[in-house]
Amino acid sequence: MAKSILQSHSYRVKSKQEAKQLHAQMIRTRAPTSLVLSVYSNLGLLRESLLIFNSLTSPSYVAWKSIIRCYTSLGLFHQSLLSFARMRASAARPDRDVFPSIVKSCTHLMDWKLGQSLHGSIIRVGLEIDVYTGNALMNMYGKVCMGSVRKVFDEMPERDLVSWNTVIAGNAGNGMYREALEMVREMGGAGLKPDSFTLSSVLPIFAEYVDVSRGMEIHGYAIRHGFDSDLFIGSSLIDMYAKCTMVEKSRQIFDFLPQRDAISWNSMIAGCVQNGLFDEGLRLFRRMLENSIKPRHVTFSSIMPACAHLTTMHLGKQLHGYILRCGFDDNEFISSSLLDMYAKCGRIHIARRIFEKMESPDIVSWTAMIMGCALHGHAHDALFLFQQMKVNNVRPNYVAFVAVLTACSHAGLVDQARKLFDSMVGDYGISPGLEHYAAVADLLGRAGRLEEAYEFISSMPREQERTGSVWSTLLAACRVHKNAELAEKVAENIFKIDPENMGAYVLMSNVYSAAGRWKDAARLRIAMKGRGIRKKPACSWIEIKNKVHAFMAGDESHPKYYEIKEALGVLLERMEREGYVPNTDDVLHDVEEEQKRHLLCSHSERLAIAFGIISTPPGTTIRVTKNLRVCVDCHIATKFISKIVGREIIVRDVSRFHHFKDGKCSCGDYW
DNA sequence: TTAGGGTTAG
């Protein structure tokens with residue numbers, strides 16, 4: 001009697017309060033305790049469930065089942081498996097409604113051995129035909145062996161929507177995109193319609209393919225079926241559009257989501273950062289915190305590249321502190337992004353320390369570290385790391401070769417680079433891209449092997465990749481080696497592809513000036529003006545007491561301008577006494593020598609360095625960042641300055657770091 | 001019993 005009352009009640013119980021009331025009623029009617037237990041466990045009330053369970057001297061099958069399912073649903077997978085073992089020892093036989101939970105626990109704990117033996121038990125008791133059990137098994141195999149997923153799926157006598165979704169997710173998760181999409185089609189043939197689970201497996205595929213038109217088809221389907229306000233679909237859509245470079249669309253979806261969790265915030269933040277909207281990414285991150293959404297580990301690896309690209313150390317350091325407090329510092333993704341940030345912000349030693357603490361660095365960690373060395377001109381460290389990486393059975397990929405070739409190109413290791421280039425193609429079958437060609441071509445050119453460089457660039461198989469920037473490196477080399485003839489040939493190639501290439505105009509006009517062909521130089525400058533082409537303005541900045549001070553070339557707007565100018569005057573006098581001779585080669589303007597000297601002194605990096613010197617105590621390291629390459633004269637001058645004021649001056653230009661100390665620079669004057 | 005977001009790029 002009591003039992004039937006309870007059974008009719010139990011599925012309607014929705015709150016703890018109701019459950020308690022029912023419990024009281026059950027005690028009065030002397031209902032079986034295992035039923036009370038199932039009411040509590042279905043609500044995920046572990047404390048209440050355990051109180052009852054532990055009072056049982058010999059728990060029934062129903063009692064075991066309840067407690068196991070309660071553990072699994074709360075994510076307490078170890079306890080769930082432990083209870084299962086105890087249940088078996090007590091001779092209670094497992095049945096259909098306990099296996100799915102157990103298999104799920106196994107899956108989360110990645111205990112594949114136990115999972116397989118469970119599969120054996122399931123077959124022995126003939127439960128492999130059960131849909132729920134089969135689905136749980138497929139889900140487990142989806143994380144280890146797709147072959148087994150197919151096998152279970154093919155042998156299932158009955159399949160439901162979850163079965164299809166599980167196979168599709170398995171295929172998608174294992175990079176078998178074609179198969180996944182094929183199954184979505186087949187599923188329609190079996191009379192089942194894709195639901196929100198299906199879509200959230202499919203959307204990341206189109207994100208990966210950068211196929212926005214098919215992504216939009218899915219978006220349309222989601223709208224028609226009311227899935228577009230689904231939290232999961234929302235983040236997949238945000239991600240898909242962002243990966244297809246349509247961040248505005250991502251933002252629209254984000255702004256209109258009825259609710260947002262940490263993952264939707266993260267998708268949006270990552271979307272901004274991946275598309276170069278670093279400030280916006282950081283703004284959103286702050287807003288996320290203001291909204292009391294706790295960042296997850298993924299959030300940190302998404303936001304860190306923003307600090308790296310903006311070279312804002314103090315922010316990156318704050319985040320590092322946060323990461324340590326959260327205990328996320330052993331996460332590979334976070335470590336890689338952290339070491340990259342430190343390297344890009346000039347702290348190569350900290351980057352190295354983080355790298356060395358990593359248990360098993362993956363290809364990205366190695367590459368970030370190699371790139372960091374390249375950035376700081378530590379070419380031999382980079383080459384050594386590249387070897388070590390291979391010894392550790394990490395196979396170099398496209399990006400790794402970009403990094404190691406960059407290291408060579410920053411140190412003038414031309415033959416090393418050619419060997420690496422050949423090995424990339426011959427040993428690893430990687431087809432070289434623009435970046436690889438650019439690095440080698442740059443090296444050949446600067447080594448004076450101009451014709452070889454010309455042939456090398458001309459050998460690029462894909463014409464569309466022979467861009468202005470690849471040719472420009474050679475053009476710059478032609479200027480240095482004063483080969484006006486080849487330069488003209490190169491420039492012709494550039495203007496054919498990219499008639500607006502401002503850098504090429506400037507370089508070519510420099511080539512003509514250097515060769516004394518003033519008329520030609522003037523002709524080009526007029527052409528530039530006519531086309532409205534202007535040089536990218538130079539800008540340098542320095543962080544003093546967490547405040548960024550920016551200087552443009554010839555900038556007189558800084559409140560301390562007169563002190564800066566005075567300091568530069570004093571420095572110039574001392575530099576000249578030490579033997580400094582201004583190098584006016586880079587000064588394009590047709591002006592008097594005296595004015596050229598003045599122009600050099602007003603270069604943005606020099607203003608920033610002088611401001612750093614007068615704003616910090618003696619001995620403090622000066623760190624300046626510049627948006628273009630350091631000019632030849634400023635490089636010479638900074639070496640003198642470092643010696644005169646006895647300070648280390650670190651300048652990060654657009655491609656690398658220069659560490660100036662005692663009158664020398666870490667780049668060995670090769671940059 | 002099924003789902004979404006992450007690190008490296010002259």
Side-chain angles (χ1 to χ4, degrees), chain A residues 72 96-97 99-101 103-104 107 130-140 142 160-170 172-173 195-204 207 230-240 242-243 261-271 273-274 296-305 308 331-341 343-344 361-372 374-375 397-403 405-410 433-443 469-470 472-473 654-656:
Chain A
T72 303
R96 64 188 305 151
D97 37 23
F99 275 118
S101 296
V103 173
K104 182 180 177 175
T107 307
D130 176 57
V131 190
Y132 276 49
T133 308
N135 290 346
L137 278 172
M138 286 198 296
N139 184 44
M140 177 186 76
D160 64 1
L161 186 55
V162 176
S163 321
W164 284 90
N165 283 342
T166 308
V167 195
I168 291 166
D195 68 351
S196 65
F197 283 78
T198 328
L199 301 193
S200 62
S201 293
V202 167
L203 275 169
D230 180 289
L231 197 55
F232 283 70
I233 300 300
S235 22
S236 294
L237 282 171
I238 291 168
D239 178 59
M240 187 272 294
K243 295 239 162 74
D261 66 0
I263 297 184
S264 8
W265 277 94
N266 198 73
S267 305
M268 196 58 240
I269 292 169
V273 176
Q274 287 159 359
R296 295 158 53 99
H297 48 282
V298 178
T299 319
F300 292 104
S301 42
S302 307
I303 197 68
M304 198 59 75
N331 179 291
E332 298 258 309
F333 286 88
I334 293 178
S335 296
S336 297
S337 67
L338 255 180
L339 82 83
D340 177 62
M341 182 277 293
K344 289 211 171 85
D362 68 356
I363 182 67
V364 176
S365 335
W366 283 98
T367 306
M369 195 63 242
I370 292 169
M371 198 65 213
L375 214 55
N397 63 7
Y398 187 98
V399 188
F401 274 103
V402 171
L405 286 173
T406 302
C408 293
S409 86
H410 283 178
L434 175 66
E435 301 94 328
H436 308 106
Y437 275 102
V440 176
D442 183 46
L443 273 163
S469 69
V470 185
S472 294
T473 59
V654 69
S655 69
R656 66 180 297 163

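Chain identifiers are assigned alphabetically (A, B, ...) following the order of the sequence lines, protein sequences preceding nucleic acid strands; residue numbering begins at 1 within each chain. Fair warning: this is a prediction, and the values are worked out from it, not measured in the lab.
Residue contacts for I303(A): at a heavy-atom cut-off of 4.0 Å it reaches no nucleic acid atom on any strand shown. I334(A) comes within contact range of at least one nucleobase, with a heavy-atom separation under 4.0 Å. Across all strands, D195(A) comes closer than 4.0 Å to no nucleic acid atom at all (heavy-atom distances). Residue contacts shown for V654(A) include a base, since a base heavy atom lies under 4.0 Å away. Within the nucleic acid shown, D130(A) has no heavy atom closer than 4.0 Å to any nucleic acid atom. H297(A) comes within 4.0 angstrom of a base, heavy atoms only.
To the nearest angstrom, P of dG10(B) lies 15 Å from CG of L443(A). Between F99(A) atom CZ and dT1(B) atom P there is a gap of 14 Å when expressed in whole angstrom units. With rounding to whole Å, M240(A) atom CE is found 12 Å from dG5(B) atom P. Between M138(A) atom CE and dT2(B) atom P the separation is 11 Å, expressed in whole Å. In this entry the distance linking CE of M268(A) with C1' of dG4(B) reads 15 Å, nearest Å. One atom, OH of Y437(A), and another, P of dA9(B), lie 22 Å apart when rounded to the nearest Å. Distance, M304(A) CE to dT8(B) C1': 15 Å, rounded to whole Å. The CG atom of N397(A) sits 13 Å away from the P atom of dT8(B) (whole-angstrom rounding).
Using modelled atom types, no side-chain atom of R96(A) and backbone atom of D130(A) make a donor-acceptor pair closer than 3.5 Å. Under a 3.5 Å cut-off, the side chain of S101(A) and the backbone N or O of D97(A) do not form any donor-acceptor pair. Side-chain atoms of N135(A) do not come within 3.5 Å of backbone N or O of M138(A) as any donor-acceptor pair.
For dG6(B), the base has a donor-acceptor partner in the side chain of S301(A) [N/O atoms by modelled type, under 3.5 angstrom]. In the interface, the side chain of N266(A) is not paired with the base of dG4(B) through any donor and acceptor atom under 3.5 Å apart. At a cut-off of 3.5 angstrom, counting only N and O atoms as typed in the model, there is a donor on one side and an acceptor on the other between the side-chain of S235(A) and the base of dG4(B). Side-chain atoms of R296(A) and base atoms of dG5(B) include a donor and an acceptor less than 3.5 Å apart. Under 3.5 Å, the side chain of T166(A) and the base of dT2(B) form no donor-acceptor pair of N or O atoms.
Considering only side-chain N and O atoms, Q274(A) lies under 4.0 angstrom from the phosphate OP1 or OP2 of dT7(B). Look at K243(A) and you'll find a side-chain N or O under 4.0 angstrom from OP1 or OP2 of dG6(B). For dA9(B), the OP1/OP2 oxygens have a side-chain nitrogen or oxygen of K344(A) closer than 4.0 Å. Distances shorter than 4.0 Å separate some side-chain N or O of S101(A) from OP1 or OP2 on dT1(B).
Residues S302(A) and N266(A) meet the side-chain proximity criterion, which asks for heavy atoms closer than 4.5 Å. Side-chain contact check for N139(A) versus K104(A): every heavy-atom pair is 4.5 Å or farther apart. Between R296(A) and I263(A) there is a side-chain heavy-atom pair separated by less than 4.5 Å. Put simply, the side chain of L338(A) reaches to within 4.5 Å of the side chain of M304(A), judged on heavy atoms. A heavy-atom distance below 4.5 Å is found between the side chains of D362(A) and E332(A). The side-chain heavy atoms of Y398(A) and H436(A), taken from C-beta on, include a pair separated by under 4.5 Å.
In the set dT2(B), dA9(B), dG10(B), the nucleotide with an atom closest to the side chain of S655(A) is dG10(B). Among the nucleotides dG10(B), dT7(B), dG4(B), the one closest to the side chain of V364(A) is dT7(B). Of the candidates dT8(B), dT2(B), dG10(B), dT2(B) carries the atom nearest the N139(A) side chain, counting heavy atoms from C-beta on. Among dA9(B), dT1(B), dG6(B), the nucleotide with an atom closest to any side-chain atom of S302(A) is dG6(B). When distances run from any side-chain atom of A368(A) to the nucleotides dG4(B), dG6(B), dT8(B), the shortest one goes to dT8(B). In this structure, the nucleotide among dG4(B), dT2(B), dG5(B) sitting nearest to the side chain of K104(A) is dT2(B). The nucleotide whose nearest atom lies closest to any side-chain atom of E435(A) is, among dG4(B), dG10(B), dT1(B), dG10(B). Of the candidates dT7(B), dG5(B), dG4(B), the closest approach to any side-chain atom of D362(A) belongs to dT7(B). Checked against dT8(B), dG4(B), dT2(B), the side chain of D340(A) finds its nearest nucleotide in dT8(B). When each of dA3(B), dG6(B), dG10(B) is scored by its nearest atom to the side-chain atoms of V298(A), the top-ranked nucleotide is dG6(B).
When all heavy atoms of P361(A) and W366(A) are compared, the pair lying nearest together is O-NE1, 3.3 Å.
DNA chain B is contacted by S196(A), F197(A), S200(A) of residues 196-203 of chain A, taking any non-hydrogen atom closer than 4.0 Å.
Judged by ring centres under 5.5 Å apart and planes tilted less than 30 degrees, F333(A) fails to stack against the six-membered base ring of dT7(B).
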